Amino acid sequence: MVQATPFFLVLFLALGAHSLAVKKCSLAGHWVNDLGSNMTIQTVNAKTGIFAGSYHTAVTATTQEIKVSPLQGAMQKSPNQKGQPTFGFTVNWSFSDSITVFTGQCFVDDDGNEVLKTMWLLRSHVTDIKNDWKATRVGINVFTRQQ
């Protein structure tokens, strides 16, 4: 039995190492947020971290018809990210005189699900500087991968 101990130790370490592996979060794909908005991020450039996609919001303050809008962004390429990268993107709304910037991080939760935690600033057009006070809104959204 003494000779089997090294074998079982190696087997235990080999099986346990799998659970210690860092789970990676990928930005590319289809996402839905807590308000029902849908986002698609195309392939992220492996060298630069640059990406593009589309955003279809479920909420708006305008009376205009909601349309799918383009987004452009970048993912941080730092080796310190450990598979859970930080990122930012801009949505140029196709149906209103406003633009939104998002910043966030891609996480893998305890159940293995990918989650994007974001904060955003929406800048709306105002007619003059006196109305600047009401032109910017801030909020948060949580996106989950749409299967």
Side-chain angles (χ1 to χ4, degrees), residues 8-147:
F8 286 116
L9 179 61
V10 169
L11 180 63
F12 174 77
L13 291 173
L15 293 174
H18 174 69
S19 65
L20 297 176
V22 175
K23 296 177 183 174
K24 296 190 177 192
C25 189
S26 172
L27 291 179
H30 302 287
W31 300 89
V32 62
N33 73 16
D34 45 324
L35 298 175
S37 298
N38 291 285
M39 173 176 65
T40 300
I41 296 176
Q42 304 300 328
T43 305
V44 178
N45 183 295
K47 286 187 177 186
T48 64
I50 303 295
F51 59 88
S54 60
Y55 198 105
H56 189 238
T57 186
V59 296
T60 184
T62 182
T63 58
Q64 301 293 322
E65 175 189 353
I66 295 175
K67 297 179 183 176
V68 175
S69 299
L71 70 81
Q72 294 183 332
M75 179 182 81
Q76 179 55 259
K77 296 297 293 174
S78 167
N80 299 329
Q81 300 280 323
K82 306 276 189 265
Q84 299 188 107
T86 55
F87 60 90
F89 62 89
T90 300
V91 179
N92 185 2
W93 301 110
S94 300
F95 56 89
S96 70
D97 292 332
S98 60
I99 197 160
T100 301
V101 293
F102 288 78
T103 186
Q105 187 168 351
C106 190
F107 292 101
V108 178
D109 69 15
D110 292 340
D111 296 325
N113 300 311
E114 293 169 297
V115 178
L116 305 181
K117 299 279 284 189
T118 67
M119 176 171 260
W120 52 263
L121 291 171
L122 180 144
R123 177 64 188 210
S124 297
H125 176 267
V126 291
T127 56
D128 56 57
I129 199 167
K130 293 176 196 157
N131 289 311
D132 183 62
W133 65 271
K134 64 180 180 178
T136 303
R137 297 178 187 175
V138 63
I140 59 170
N141 283 125
V142 177
F143 292 83
T144 54
R145 185 170 297 282
Q146 192 173 14
Q147 301 299 336

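Just so you know, these numbers come straight off a predicted model, no measurement behind them. Worth knowing before you read on, the calculation uses all heavy atoms, side chains too, and leaves out hydrogens, waters and symmetry mates.
Expressed to the nearest 0.5 Å, how far OG of S69 lies from CE of M39 amounts to 13.0 Å. The distance from the CZ atom of F107 to the NZ atom of K117 is 7.5 Å, given to the nearest 0.5 Å. Taken from OG1 in T90 to CD1 in I99, the straight-line distance is 5.5 Å, to the nearest 0.5 Å. To the nearest 0.5 Å, atom CE of residue M75 and atom CG of residue N45 are 9.0 Å apart. For the atom pair NZ of K77 and NZ of K47, the computed distance is 11.0 Å after rounding to the nearest 0.5 Å. For the atom pair CD (E114) and CD (Q84), the distance works out to 10.0 Å, reported to the nearest 0.5 Å.
P85 approaches Q76 most closely through the heavy-atom pair CB-O, 4.2 Å. In terms of heavy atoms, A135 sits closest to V126 at CB-CG1, 3.7 Å.
Residues meeting the side-chain hydrogen bond (donor to acceptor under 3.5 Å, both in side chains) test with T127, sequence neighbours left out: none. Residues satisfying the side-chain hydrogen bond (donor to acceptor under 3.5 Å, both in side chains) criterion with T118, sequence neighbours excluded, are absent altogether. Taking the salt bridge (charged side-chain N to carboxylate O under 4.0 Å, His left out) definition, one finds that D128 meets it with nothing, sequence neighbours left out. The side-chain hydrogen bond (donor to acceptor under 3.5 Å, both in side chains) search around N38 returns none, not counting sequence neighbours.
The neighbour count for Q72 CD, taken as heavy atoms of other residues, nucleotides or ligands under 6.0 Å away, does not exceed 12. In the displayed structure, K67 atom NZ is contacted under 6.0 Å by at most 12 heavy atoms of other residues, nucleotides or ligands.
The disulfide bond (SG atoms under 2.5 Å apart) analysis of residues 113-147, with sequence neighbours excluded, yields no pairs. Screening residues 70-90 for ring-ring contact (aromatic ring centres under 6.0 Å, His included), with sequence neighbours left out, gives F89-F102. Counting only residues at least two apart or on different chains, no disulfide bond (SG atoms under 2.5 Å apart) pair has a member in residues 117-147. The disulfide bond (SG atoms under 2.5 Å apart) pairs that include a residue from residues 88-147 are C25-C106, where partners are two or more places apart or lie in different chains. Sorted pairs that involve residues 93-113 and meet salt bridge (charged side-chain N to carboxylate O under 4.0 Å, His left out), not counting sequence neighbours, are lacking altogether. Within the structure, disulfide bond (SG atoms under 2.5 Å apart) pairs that include any residue of residues 116-147 do not occur (at least two apart or interchain). Judged as a ring-ring contact (aromatic ring centres under 6.0 Å, His included), not a single pair has a partner in residues 122-147 (not counting sequence neighbours).
Between the side chain of T100 and the backbone N or O of V91 there is no donor-acceptor pair closer than 3.5 Å.
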Side-chain donor/acceptor pairs under 3.5 Å, residues 26-34, sequence neighbours excluded:
residue: H30; atom: ND1; partner: T40; partner atom: OG1; Å: 2.9
residue: W31; atom: NE1; partner: L27; partner atom: O; Å: 2.8
residue: N33; atom: OD1; partner: L35; partner atom: N; Å: 2.8
residue: N33; atom: OD1; partner: G36; partner atom: N; Å: 3.0
residue: N33; atom: OD1; partner: S37; partner atom: N; Å: 3.0
residue: N33; atom: ND2; partner: Y55; partner atom: OH; Å: 3.2
residue: D34; atom: OD1; partner: N141; partner atom: ND2; Å: 3.1
residue: D34; atom: OD1; partner: V142; partner atom: N; Å: 3.1

